[in-house]
Each structure stands twice: as C-alpha cells, then as structure tokens.
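The block underneath contains the structure these notes are about, expressed in structure tokens.
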Amino acid sequence: MFHSEQPDPLPEHDFSGYPVSVGFNPAHFSEPPESVSLRLFEQETGREVPAIVQRQQDNDPHGLLTAHQFVLFPGERLGWGQAYRVELRYRADGRQHHAWTFRTRAFDAPLHEVTEGGQTVQAEAGRPFLLYVPPGEATRSRDVPRGESAMATACGPAGRCAWTPCSSIPTCCG
C-alpha cells in the first residue's frame, strides 16, 4: 500500500492495495496493445476487487510507463493468504484475452488488526505477532506504522513497542 512512496504513483489518492502490473514484451508485440483492461477478482467468491485507477503511458503522472506497460491499483488492501484471478483483455497481434491467478502470502505469526484507537491486543509473551493498522483517523499513532503490516520487535514496560515494517522482515510477509 502506498503512503509515502516517491515518486508517488497515485498523487491523487491516499492509499491503494498492492498493484497488479503487466508488461508486453516488444519483441513479441510489434505494436503496443490497444484497449487494455485489467480486472482483479477474489478467486473464492468471484467478487471483483474495485480499482481506483489503471495506469498506462498516457496517464502516468511521472512518465515512467512505456506503451507496453499497464498497472491496476486496487481500491482496497488485498487479503493475506488469499487467491486472486486477474483478467487481461487487449487487442494486439490477433490476441485478445489472458487470465492468471496468484495467492498473497499468509503469515506464520498471529495477525491482529487494529481498527479503533485504544484497542487492546492480546499477544503471547516472547512470541512474535503482527499488527495491521488500516489507514484512517481512528488508528493514527506515532508508535505504529500507519497502513502497513508491522511486527513488534521489542516492547518495554510502559507498553511502548519498537515496530519493524514487515517489508523489511523476510519471514513476516516476504
């Protein structure tokens, strides 16, 4: 999820789920594809995950995408340990459709979601655990990284913890 990435791929939005991207190899596609559409679905339920934007060369605010690259930004965080299906529709070299599935990583440690200020989380002493603090006013804190998964790596007697973003802990979320 993007909160402070530079350059910001979504300057008009506060956050997004992890993006789904596709690149067409110019060696196999003589011309850039046309009418490209990416859609993301939960595999188990078939529910379409809403997109907040699809980026391509003509709407990339930083001019980094080529005519062969496309990115879908979901409007919500993708679930952990969940299977998803991507549907890609396009026109190029007589081809029109491609679909694939992927699964997000599950965690080996208990996961707690903090949804309101002052919430208490039960955790076993000496055992790692994960906290997810969704973006929003109710969960703003100086101690917990907002909008990303974090592992409490050291908690002191006053209840203040040192938080390490999961993105820097390979066993946390890869």
Side-chain angles (χ1 to χ4, degrees), residues 1-109 111 113 115 130-136 139 144-151 163-174:
M1 298 188 27
F2 304 99
H3 295 282
S4 59
E5 183 172 328
Q6 292 299 322
D8 185 350
L10 299 170
E12 69 278 19
H13 297 281
D14 289 334
F15 68 93
S16 163
Y18 285 111
V20 174
S21 63
V22 63
F24 292 83
N25 186 335
H28 298 286
F29 289 84
S30 55
E31 296 293 324
E34 297 176 349
S35 302
V36 175
S37 167
L38 282 164
R39 295 175 70 194
L40 180 63
F41 299 87
E42 292 177 344
Q43 183 72 12
E44 187 174 311
T45 66
R47 181 184 78 89
E48 184 169 6
V49 177
I52 56 174
V53 71
Q54 179 176 308
R55 292 275 189 238
Q56 52 198 39
Q57 186 177 38
D58 66 356
N59 71 352
D60 176 4
H62 304 291
L64 299 175
L65 295 174
T66 71
H68 288 82
Q69 297 172 322
F70 304 85
V71 184
L72 175 133
F73 290 90
E76 58 193 52
R77 177 187 59 78
L78 301 184
W80 292 291
Q82 300 276 329
Y84 292 90
R85 182 179 81 254
V86 179
E87 290 187 3
L88 168 66
R89 296 190 183 279
Y90 60 95
R91 284 197 324 253
D93 296 338
R95 293 175 252 180
Q96 297 180 15
H97 181 261
H98 185 74
W100 69 93
T101 60
F102 68 92
R103 179 174 293 278
T104 58
R105 183 155 179 176
F107 295 105
D108 294 333
L111 174 68
E113 186 167 327
T115 56
L130 302 163
L131 271 182
Y132 173 67
V133 181
T139 56
V144 181
R146 187 172 69 88
E148 68 177 274
S149 301
M151 181 177 282
W163 298 97
T164 303
C166 277
S167 57
S168 64
I169 304 173
T171 59
C172 180
C173 57

One pair to check against side-chain contact (heavy atoms from CB on, under 4.5 Å): Phe41 and Val49. What are the steps and the verdict? CA-CA 5 Å; Phe41 299 87; Val49 177; over 6 Å; no
Verify, without hydrogens or angle tests, whether [X] (side chain) and [Y] (backbone) share a donor-acceptor contact under 3.5 angstrom.
{"X": "Ser16", "Y": "Pro74", "value": "yes"}
{"X": "Thr104", "Y": "Gly79", "value": "yes"}
{"X": "Arg55", "Y": "Pro9", "value": "yes"}
{"X": "Glu87", "Y": "His97", "value": "no"}
{"X": "His62", "Y": "Pro7", "value": "no"}
{"X": "Asp60", "Y": "Gln57", "value": "no"}

Atom pair [atom1]/[atom2] of [X] and [Y] - distance to nearest 0.5 Å:
{"X": "Leu40", "Y": "Glu76", "atom1": "CG", "atom2": "CD", "value": "8.5 Å"}
{"X": "Arg103", "Y": "Thr101", "atom1": "CZ", "atom2": "OG1", "value": "9.0 Å"}
{"X": "Phe102", "Y": "Arg85", "atom1": "CZ", "atom2": "CZ", "value": "11.5 Å"}
{"X": "Tyr84", "Y": "Tyr18", "atom1": "OH", "atom2": "OH", "value": "12.5 Å"}
{"X": "Gln82", "Y": "Gln43", "atom1": "CD", "atom2": "CD", "value": "11.0 Å"}

What do the steps show when you test Phe73 against Gln54 for side-chain contact (heavy atoms from CB on, under 4.5 Å), and what is the final call? CA-CA 6 Å; Phe73 290 90; Gln54 179 176 308; over 6 Å; no
Check whether any side-chain heavy atom of [X] lies under 4.5 Å from a side-chain heavy atom of [Y], and answer yes or no.
{"X": "Val86", "Y": "Leu72", "result": "no"}
{"X": "Gln69", "Y": "Gln56", "result": "no"}
{"X": "Val36", "Y": "Leu88", "result": "yes"}

Parallel under 30°, tilted from 30 to 60°, perpendicular over 60°: which one fits the rings of Phe24 and Phe70? perpendicular
Of the non-hydrogen atoms in Pro11 and Pro61, which two are nearest, and what is the gap between them? CD-CG, 3.9 Å
Can you list every salt bridge (Lys or Arg N to Asp or Glu O under 4.0 Å) pair that touches residues 34-44, not counting sequence neighbours? Glu34-Arg91, Arg39-Glu48, Glu42-Arg47
